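Note that the coordinates shown come from a computational prediction; the quantities given were computed from them, not determined experimentally.
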Number of protein chains: 2
Amino acid sequence: MDKVDKKEKILDSAQCLMLDKGYVATTVDEICESAGVTKGSFFYYFKDKEEMGKEMAQRFSSRGKQCCEGLKGEADPLKRVHGLLDMITEISKTADFKGCIMGIFSQELSETHPEIRKICETSFDGFISNLEKDLAQAKDKYAPKSSFKPREVAEYFLATFQGAMVLARAKKDKKIVERALSQFREHLRMLYKK
Amino acid sequence: MDKVDKKEKILDSAQCLMLDKGYVATTVDEICESAGVTKGSFFYYFKDKEEMGKEMAQRFSSRGKQCCEGLKGEADPLKRVHGLLDMITEISKTADFKGCIMGIFSQELSETHPEIRKICETSFDGFISNLEKDLAQAKDKYAPKSSFKPREVAEYFLATFQGAMVLARAKKDKKIVERALSQFREHLRMLYKK
DNA sequence: ACTAACATACCGACTGGTTGGTATTTTAAT
DNA sequence: ATTAAAATACCAACCAGTCGGTATGTTAGT
């Protein structure tokens, strides 16, 4: 295991644990044990727990962005949006899908860890802006006379997705996410029908 | 301060703190200090921290239900739904609105505190079932030929609302909740137009 | 009416274990 | 030999929860 792997392993383990129990309840000792790393190594790679949290959040965010990169090949804006929905639906079905670190950190840390909060905000804004662009182009193309605001619809979608993950946790049933996504698809269909 | 007040004061303080920082990060000492109560009193009224969390969640849930009770006077089912949306919109605008304990506990405790998770699940289910009834009646009345499933729409609404609160935390902007609610209203309008 | 026995409400010092983080040492690579 | 990486041992602060005690009734027997 070279040094990059070791740091990544720490982040992987921490992410997995925090997607279950949140940031505060996940201890450094636990992360180290799960990553097969000693505490000394942990604090060699990260100044403190918060620093690690920040790097994890940033990594999560940029990985998410990277995932969406492949969708930009599609020429039709509405198909790009549905492509995004397809992708999210697929991911949410996989066994190792455990939720979104941004959502968890937002709930838990927004009042106590301002820098982490800021990372979440920026990540959310980036997602919304990307989706907004496609929705706006799709509106020009398919529903130029409609009055809905693409940015608000994009924000609304992210809210729906995040909330569906909250409900999925409470009910221990990931299918809620799928159902919410298909409800949103219906919403889109109605917005864009000529 | 009589004994009922004292217990309520503990629950009030704990709820306020936990809506900010979550369950784990809120300490018993902090709750006691904020409530103006000693630790001895805390453990006199509650077996342990979790017991208090459970009582708090149940209180939050039944208070929410009670709030909705007044809406049942409306005879038209679709107007009942819009009445609910009005009410939630109003509450989310008030200064002391800080979010939903169910959403926070779900995210943080669903894997570690099964009994609290169950309370959240039951509370969510109750809300969804109530809304489902009105949506179903409204469907019979206004859109009998539509194919949407009232239960899924109800679930979808709760997801949207919960997720909007997550985003509101990340952005420190409560208006997101209002916008999401009005987007959902638009969704409803499209579903129920003849 | 007096009192002994009991119950409730409350206090705050204390404890044992855990936490994030540090200091020191050892190992491995160049 | 030098330095980066990793292991070990440790610490002060903090945590939930305990415990012995006090103050204030309440009940019941005489």
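- Remark: C1' of C/dG12 and CD of B/Glu33 are 14 Å apart, rounded to the nearest angstrom.
- Remark: C1' of C/dT19 and CD of A/Glu50 are 16 Å apart, rounded to the nearest angstrom.
- Taking the six-membered ring for Trp, A/Tyr192 and A/Tyr142 have ring centres at least 6.0 Å apart.
- Note: NZ (B/Lys6) to C1' (C/dC11) measures 9 Å, nearest angstrom.
- Remark: the B/Lys39 side chain and the D/dA16 base include a donor-acceptor N/O pair separated by less than 3.5 Å.
- When distances are taken from the side chain of A/Asp48 to each of C/dC11, C/dG21, C/dG20, the shortest belongs to C/dG21.
- A sub-4.0 Å separation between OP1 or OP2 of D/dA6 and a side-chain N or O of A/Lys9 is absent.
- Whole-Å rounding puts the B/His113 NE2 to D/dA16 C1' distance at 11 Å.
- In this structure, A/Phe161 has its ring center at least 6.0 angstrom away from the ring center of A/Tyr156.
- Neither OP1 nor OP2 of D/dA4 sits under 4.0 Å from any side-chain N or O of A/Lys7.
- Atom C1' of nucleotide C/dA9 and atom CZ of B/Phe42 are separated by 16 Å, given to the nearest angstrom.
- Counting to the nearest Å, the P atom of C/dG20 and the CD1 atom of A/Ile10 are 14 Å from each other.
- The residue among A/Gly40 and A/Asp29 whose nearest nucleotide of DNA chain C is located toward the 5' end is A/Asp29.
- Look at A/Ser41 and you'll find a side-chain N or O under 4.0 angstrom from OP1 or OP2 of D/dA7.
- Nearest-nucleotide positions on DNA chain C for A/Lys47 and A/Thr27 put A/Thr27 closer to the 5' end.
- To the nearest 0.5 Å, the span separating NE2 on B/His113 from SG on B/Cys120 amounts to 11.5 Å.
- Atom OG of B/Ser34 sits about 12.0 Å away from atom CG of B/Asp29, to the nearest 0.5 Å.
- Proximity of a side-chain donor or acceptor of A/Ser123 to a complementary backbone N or O of A/Ile119 within less than 3.5 Å is not detected.
- Between B/Glu30 atom CD and D/dA13 atom C1' there is a gap of 15 Å when expressed in whole angstrom units.
- With C/dA9, C/dG20, D/dA16 as the candidates, the nucleotide lying closest to the side chain of B/Tyr44 is C/dA9.
- Between A/Leu17 atom CG and C/dT19 atom P the separation is 12 Å, expressed in whole Å.
- The side chain of A/Thr38 contributes no N or O atom lying less than 4.0 Å from OP1 or OP2 of D/dA6.
- The nucleotide whose nearest atom lies closest to any side-chain atom of B/Phe43 is, among C/dT8, D/dA16, C/dT19, D/dA16.
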